[in-house]
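Contents: one structure, followed by commentary.
Being a predicted model, the structure only gives us computed values, none of them experimental.
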Amino acid sequence: MTVQGRRLRGGDAVLATGLVMVAVQLVWKFELVRRTYFRQDDFHYIIRGQESGFTWDYLMWVDVGHLLPGGFGISWAMARLGGYNELLAHSMTIALQAGASLALLRLLWLLFGARPAILVPLGFYLLTPMTIPSLSWWAAVLETLPLQLALPMALSSHLLYVRNGRIRHVVAACAWTLFGLVFFVKAAFIPVLMLVITAGWLAPGWKRLWRAWMPYAGLLAAYSWAFFTGLFSSVQINNETQTPDLPDAGVAGEFFWMLGSRGLIPSALGGPWQWRPIGDDYAMAAPPEPLVWAGLAVAAAVVAVSVRWRRRAWLAWLVLLGYFLLADVVPVLLGRIELLGPGILGFELRYLAATATVVAIVLGLAFIPLDGEERPWLRPRTRLRWAWAPLAAAVTAGSIWSVAAYADRPLGGTVRDYVQTARLALSRVPEGTTVLDTHVPPGVAAAAFFHDYALHSRLLGVPDPWPVTWMRELSGPVQQPLTFDERGRLRPVAIQGLRVPQRGPCVPVGPDEVRFRLPGRLPGGAYTAQITYLNSAETTLSVRLGLGVTQVRAGKDLGRTFARIPGEGAELALRTTGDGAPACVGEIRIGHPVPDKNGTAIPPIPLNS
């Protein structure tokens with residue numbers, strides 16, 4: 001057999017092995033993805049998609065520094081394809097993961113040739129826990145996986161252009177970069193990576209390089225205009241516009257150190273080995289401190305070995321450091337670092353998901369000669385050239401352990417059960433039933449971040465509103481209002497707080513104020529009063545707590561009315577207003593509406609309990 005024939009046959013084996021590795025990874029990750037459900041931002045995006053038209057303003061809204069018209073477009077479609085459509089979401093996730101994996105295999109093949117060595121950086125990408133948290137969060141999938149697909153595809157097209165000068169490869173590189181930009185602002189660094197890799201390893205003629213960089217620069221300029229226009233004009237959920245501002249140097253330095261030492265390096269070496277749960281469906285890295293320092297030592301040794309033997313390995317690591325600083329650290333510093341602080345966000349691997357692709361490329365550049373590269377080594381290779389194998393085995397074992405540890409939690413099960421139980425409850429009550437519209441539990445969607453998007457009426461109103469009467473506040477003679485408990489079941493409303501017992505049959509109330517002494521003093525706040533009455537005719541009650549006054553209707557015969565009242569004090573004062581008929585008041589409760597634990601639950605048993 002000729003040398004060329006042996007190379008082709010060897011290349012077929014490498015390709016086949018790579019494809020098998022990709023397929024096994026997809027089966028492995030699907031076992032995690034299929035257990036996930038929508039959470040937090042996912043609900044916000046889909047609700048917003050349902051409530052919006054497919055307009056330029058809708059697509060180009062910047063969400064706390066995130067411009068993702070592609071993701072908003074998918075959310076708009078998702079809202080009209082069943083709303084929280086798990087099958088569609090999971091299928092799209094696995095399809096994007098497959099595309100990203102195959103795109104990286106193609107890039108490694110083009111860069112380094114059909115060497116078995118390319119299976120090492122490919123294997124790193126397929127196994128690393130760096131990408132796992134983002135796979136369990138649909139909003140993160142919409143950003144990071146398209147970038148993981150676009151980055152190697154754009155680099156591959158640019159590499160082909162450098163080699164043969166055909167302008168169609170520049171067009172393809174621009175198209176893939178634009179595809180990435182449609183989903184994630186970090187794709188703006190793809191042309192920067194093209195420039196550095198071209199200058200450091202490919203060395204084309206300046207004329208050819210200039211022909212490529214003109215369209216790349218034009219694309220970045222147009223995107224920058226669209227991004228910054230939207231950034232400064234987009235009104236956030238809290239009805240404010242965002243003004244990016246770098247924190248002080250101490251906070252910036254701490255975040256850089258924490259995300260690098262507790263996030264990037266441990267996860268690149270198979271960590272973090274342990275996780276810090278955030279509810280039941282998400283977790284942040286929590287690497288043990290001894291392993292953090294051991295990882296830093298191993299990373300330093302790997303860099304030192306590569307720099308000693310591989311020509312321009314130092315530039316490869318500099319590329320990774322620059323990308324990490326500019327694409328991972330700076331956007332967070334400009335966005336939400338002041339909200340949660342480096343002590344929390346420094347453990348967030350979601351910020352590093354797309355960086356896994358860059359790490360894989362850098363590993364190749366630091367250790368593998370390019371296809372056709374002359375004099376790739378600074379020193380002759382020694383018998384220790386297989387010394388990396390034990391480290392690779394340890395990283396593989398650690399990665400499998402870390403992913404299994406992440407998956408050892410309910411993931412989306414708790415949120416799925418809540419949403420499906422709540423849907424079932426709404427389907428079992430009569431049309432027009434009054435439901436107190438409260439916020440869903442923080443583990444489903446945190447009201448502190450999503451405000452009205454975390455209300456039951458909006459979250460459960462996808463894809464279609466329910467035929468019930470939603471009330472944000474109980475006011476007036478509401479008949480048998482219901483509210484959701486912590487498991488997603490509907491229960492009767494009870495007022496938790498202070499109770500004024502009924503005095504005899506009832507207490508007459510007329511135009512003159514009648515004061516009811518409370519069992520205790522209420523501090524300043526907003527309260528709901530439940531007033532039982534037995535009236536001969538409809539009337540209007542004026543209810544006063546301290547300086548706070550409100551008016552509510554009270555019906556005829558036996559019933560109860562609710563009054564939402566701000567104030568403080570130890571007395572509740574009632575009187576009738578205008579020409580209204582007198583009232584006769586019985587038991588009074590004042591406090592906050594909660595689900596009645598002793599009331600009948602709908603359904604009696606939560607789903608999957």
Side-chain angles (χ1 to χ4, degrees), residues 26 29-30 32-34 36-103 131 133-151 153-154 175-188 190 223 226-227 230 234 236-237 281-282 350 353-354 357 412 415-416 419 444-445 449-450 453 458-464:
L26 294 176
K29 289 182 177 176
F30 179 73
L32 181 144
V33 170
R34 72 177 181 83
T36 63
Y37 191 68
F38 302 95
R39 67 184 305 273
Q40 304 296 335
D41 303 74
D42 306 343
F43 294 116
H44 168 215
Y45 286 175
I46 295 175
I47 294 167
R48 184 171 172 267
Q50 181 200 39
E51 297 176 348
S52 303
F54 197 76
T55 64
W56 176 262
D57 289 340
Y58 163 73
L59 295 173
M60 301 304 289
W61 179 68
V62 178
D63 178 25
V64 195
H66 296 265
L67 176 61
L68 59 157
F72 290 154
I74 292 174
S75 299
W76 184 90
M78 180 80 77
R80 288 155 179 79
L81 295 173
Y84 310 129
N85 190 325
E86 293 180 78
L87 177 61
L88 180 58
H90 295 166
S91 300
M92 187 175 298
T93 299
I94 292 301
L96 286 170
Q97 183 65 60
S101 303
L102 294 173
T131 64
S134 66
L135 284 177
S136 67
W137 195 337
W138 171 243
V141 165
L142 291 177
E143 291 184 316
T144 60
L145 274 179
L147 177 55
Q148 292 172 54
L149 169 61
L151 192 151
M153 290 300 292
W176 280 111
T177 302
L178 180 60
F179 173 79
L181 289 170
V182 163
F183 289 93
F184 206 179
V185 66
K186 288 185 181 183
I190 292 176
Y223 179 80
F227 173 75
S234 293
Q236 303 301 302
I237 303 177
D281 57 352
Y282 193 70
R350 178 168 53 95
T357 305
V415 177
R416 180 190 294 109
V419 172
V444 178
F449 294 107
F450 303 106
Y453 284 99
R458 298 181 79 175
L459 193 145
L460 299 175
V462 176
D464 299 304

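Nearest heavy atoms, Leu181 versus Ala188: CD2-N, 3.3 Å. Taking each heavy atom of Arg350 and Ala140 in turn, the nearest pair found is CD-CB, 3.7 Å. Heavy atoms only, all atoms of each residue included: Gly83 and Pro463 are closest at N-CB, 4.2 Å. Listed here is the closest heavy atom pair of Ala353 and Ser134: CB-OG, 3.4 Å.
Within the 4.5 Å cutoff, the side chain of Thr357 has no heavy atoms near those of the Thr131 side chain. In this structure, Phe183 and Leu145 have side chains that are not in contact, with every pair of non-hydrogen atoms separated by 4.5 Å or more. Annotation: side chain of Ile190 is not in contact with side chain of Trp176 (no heavy-atom distance under 4.5 Å). For the pair His66 and Val185, the minimum side-chain heavy-atom distance is 4.5 Å or more. Here the side chains of Gln40 and Tyr282 are not in contact, with every heavy-atom distance at 4.5 Å or above. The side-chain heavy atoms of Pro146 and Leu96, taken from C-beta on, include a pair separated by under 4.5 Å. Taking 4.5 Å as the limit, every side-chain heavy atom of Tyr223 sits out of range of all side-chain heavy atoms of Leu178. At least one side-chain heavy atom of Leu68 sits under 4.5 Å from a side-chain heavy atom of Tyr45.
At distances below 3.5 Å, not a single donor-acceptor pair connects side-chain atoms of Glu143 with backbone N or O atoms of Phe184. Proximity of a side-chain donor or acceptor of Arg458 to a complementary backbone N or O of Arg48 within less than 3.5 Å is not detected. With hydrogens and angles disregarded, a donor-acceptor distance shorter than 3.5 Å links the side chain of Tyr58 to the backbone of Phe72. Using modelled atom types, one side-chain atom of Gln236 and one backbone atom of Val64 make a donor-acceptor pair closer than 3.5 Å. Judged purely by atom type and a 3.5 angstrom limit, Gln50 has no side-chain atom pairing as donor or acceptor with the backbone of Ser75. Ser91 places no side-chain N or O within donor-acceptor distance of the main-chain N or O of Leu88, the cut-off being under 3.5 Å. Between the side chain of His90 and the backbone N or O of Thr36 there is at least one donor-acceptor pair closer than 3.5 Å.
Separating the CG atom in Asp42 from the CZ atom in Arg39 is a distance of 7.5 Å, to the nearest 0.5 Å. Here the CG atom belonging to Leu151 is positioned 11.5 Å from the NZ atom belonging to Lys186, to the nearest 0.5 angstrom. Rounded to the nearest 0.5 angstrom, Thr177 OG1 and Leu147 CG are separated by 10.0 Å. Taken to the nearest 0.5 Å, the CG atom of Asp464 stands 11.0 Å off from the CZ atom of Arg80.
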task: Show the numbers, then the answer: is there a side chain to side chain contact (heavy atoms under 4.5 Å, CB included) between Thr93 and Phe30?
output: CA-CA 9 Å; Thr93 299; Phe30 179 73; over 6 Å; no
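With respect to Phe43, the ring-ring contact (aromatic ring centres under 6.0 Å, His included) criterion is satisfied by exactly one of Trp138, Trp137, Tyr84: Tyr84. If you run side chain to side chain contact (heavy atoms under 4.5 Å, CB included) between Phe38 and each of Leu459, Ile46, Val415, only Ile46 comes through.
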